[in-house]
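Everything on this sheet refers to the single structure shown next.
Counting starts at 1 for both ligands and their atoms, in listed order.
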Amino acid sequence: MNTILGCIADDFTGATDLASILARSGVPINIRLGTPSMECSVGDDPVAAFATAPFEIIALKCRTSPVKEAVSETRNALHWLQAQGARQFYWKYCSTFDSTDQGNIGPVAESLLQQLSADDAGKRQTVYCPAFPENGRSVYNSHLFVGTRLLSDSPMKDHPLTPMRNSNLLALLEPQTTMAVGAIRRSTVRDGSDAIRRHLHSLAEQKIVHVVVDAIDMSDLRAIAEATIDMPLITGGSALALHLPELYRQRGWLNQSESIQAMPKTRNASIVLSGSCSAMTRKQVARYCQQVPSFQLDPLKLATENQLEQAKRWLDTQNGHDSVMIYSTAAPERVCATQEQLGRERGGELVEKSLASLAVHACNNGVQRVVTAGGETSGAVVKALGVATLQVSQEIAPGVPWTFSRRQGENVALALKSGNFGEEDFFERALGMLNETPDQ
Ligand code: ADP
């Protein structure tokens, strides 16, 4: 199948989030966990396993990596997507604009733009649109809101890796880019796609390359998608992608007969692995603890008492249960105390490696259903499981679909949840959906 839209996501749950939005169109989607090799044709690649789809998403783990590394990895990803014939490209980051003073949102966008318009610098322009109204993210006067609060007053201010302490997207983007940053306000967006297009044009004449666009509801996002349909590169959270399939259909780019995959059968045994410390995940974990056997990881114990081995032994004694949970999820005070003792990176790394190792242990012992909470956590888990491609299926909650892959000759179902996504009953809801399909 021809690829129409080529996306690059800065973490794994970002990729599944984008996939779940695109999946509402019923169009087949693949998530590639890392950039597939260029040497072999995708259809024949035993690792990639699945042929190309109209929407291809490459999931990277570069949100907090050094800028140089993120730029190089995303350039490779773009190169692969270009080779699949994609007509438009999407740089997907978090709807809470998770980044540091150095990047990686701005530097990557700038480098992708350079790659896409190597011979025509005049065409170098892209939009920034993290708004996701359904999940409470909106942008007004270039300021990002989470629900009714500014980003800097939201729980994102305490994120373990990318604490967000400024809500002004222009101020966040400027230190990350070398080319000029500008804005389109809601008053223009409300006037529709022609007004946005005209404004983009006048900004381009002033050599403004990076344009932050206000959006507070879905009609704003539709107008922005329409206005930017001819831009080679668009950037944002996932919601901007919602209207793209329809716009592509109107242009005759999509074949009506292609449809999304149903979930394959898997055995009942499941595991929930949570390394997210986000406010919503803390509620989800507290609730699921009341329902299934659970084990709490503590980075300090992982560092000093070999708690990983204890967790594996505990897991081995849980065979009678359909579902269990292992989590490191903790309140901000506890995360801070841990980070003071171990350092931010070491604490995170210990948890990610341990949860990944536990996922492998569980799957090697027959588990085929895995739910992970946390972007970095999910990245570490899927990497350790060694799956290369995920096919996207039903949506569990806005931004989180069920996905499936093959591992060691068996199906594996994976729900990769970004920290703040889903309602309090997310874990039971996700696994309940699979129980509606008969056992293998
Ligand atoms: P989210 O999607 O909520 O941002 P992530 O998994 O991306 O979740 O990030 C959470 C980070 O916090 C990970 O690097 C994880 O290893 C780290 N972490 C998890 N639990 C703890 C803990 N108890 N103490 C310190 N760091 C932790």
Pairs where residues 148-158 contributes a residue and the test side-chain hydrogen bond (donor to acceptor under 3.5 Å, both in side chains) is met, not counting sequence neighbours:
Ser152-Ser167
Check ring pair (Phe, Tyr, Trp, His ring centres under 6.0 Å) between Phe145 and all other residues, then give those that pass, not counting sequence neighbours.
none
Taking a 3.5 Å cut-off between nitrogen or oxygen atoms, can you list every pair linking ligand 1 to the protein, with distances?
| residue | atom | partner | partner atom | Å |
| --- | --- | --- | --- | --- |
| ligand 1 | 2 (O) | Gly375 | N | 2.9 |
| ligand 1 | 2 (O) | Gly419 | N | 2.9 |
| ligand 1 | 3 (O) | Ser276 | OG | 2.7 |
| ligand 1 | 3 (O) | Ser278 | OG | 2.4 |
| ligand 1 | 4 (O) | His159 | NE2 | 2.5 |
| ligand 1 | 6 (O) | Glu376 | N | 3.4 |
| ligand 1 | 6 (O) | Thr377 | N | 3.1 |
| ligand 1 | 6 (O) | Thr377 | OG1 | 2.7 |
| ligand 1 | 7 (O) | Gly375 | N | 3.2 |
| ligand 1 | 7 (O) | Glu376 | N | 2.7 |
| ligand 1 | 14 (O) | Glu352 | OE2 | 2.6 |
| ligand 1 | 16 (O) | Gly348 | O | 2.9 |
| ligand 1 | 20 (N) | Ser328 | O | 3.3 |
| ligand 1 | 20 (N) | Ser328 | OG | 2.9 |
| ligand 1 | 23 (N) | Ser328 | O | 3.0 |

Please check this pair: side chain of Trp402 against backbone of Ala430, looking for a donor-acceptor N/O pair closer than 3.5 Å.
yes
Would you sort out whether Phe97 and Val139 count as a side-chain contact (heavy atoms from CB on, under 4.5 Å), showing the intermediate values?
CA-CA 11 Å; Phe97 216 74; Val139 179; over 6 Å; no
About how many Å separate CG of Leu302 and CD of Gln307, when rounded to the nearest 0.5 Å?
5.0 Å
Test of understanding: with side chain to side chain contact (heavy atoms under 4.5 Å, CB included), list the residues that count as partners of Glu423, not counting sequence neighbours.
Asp425
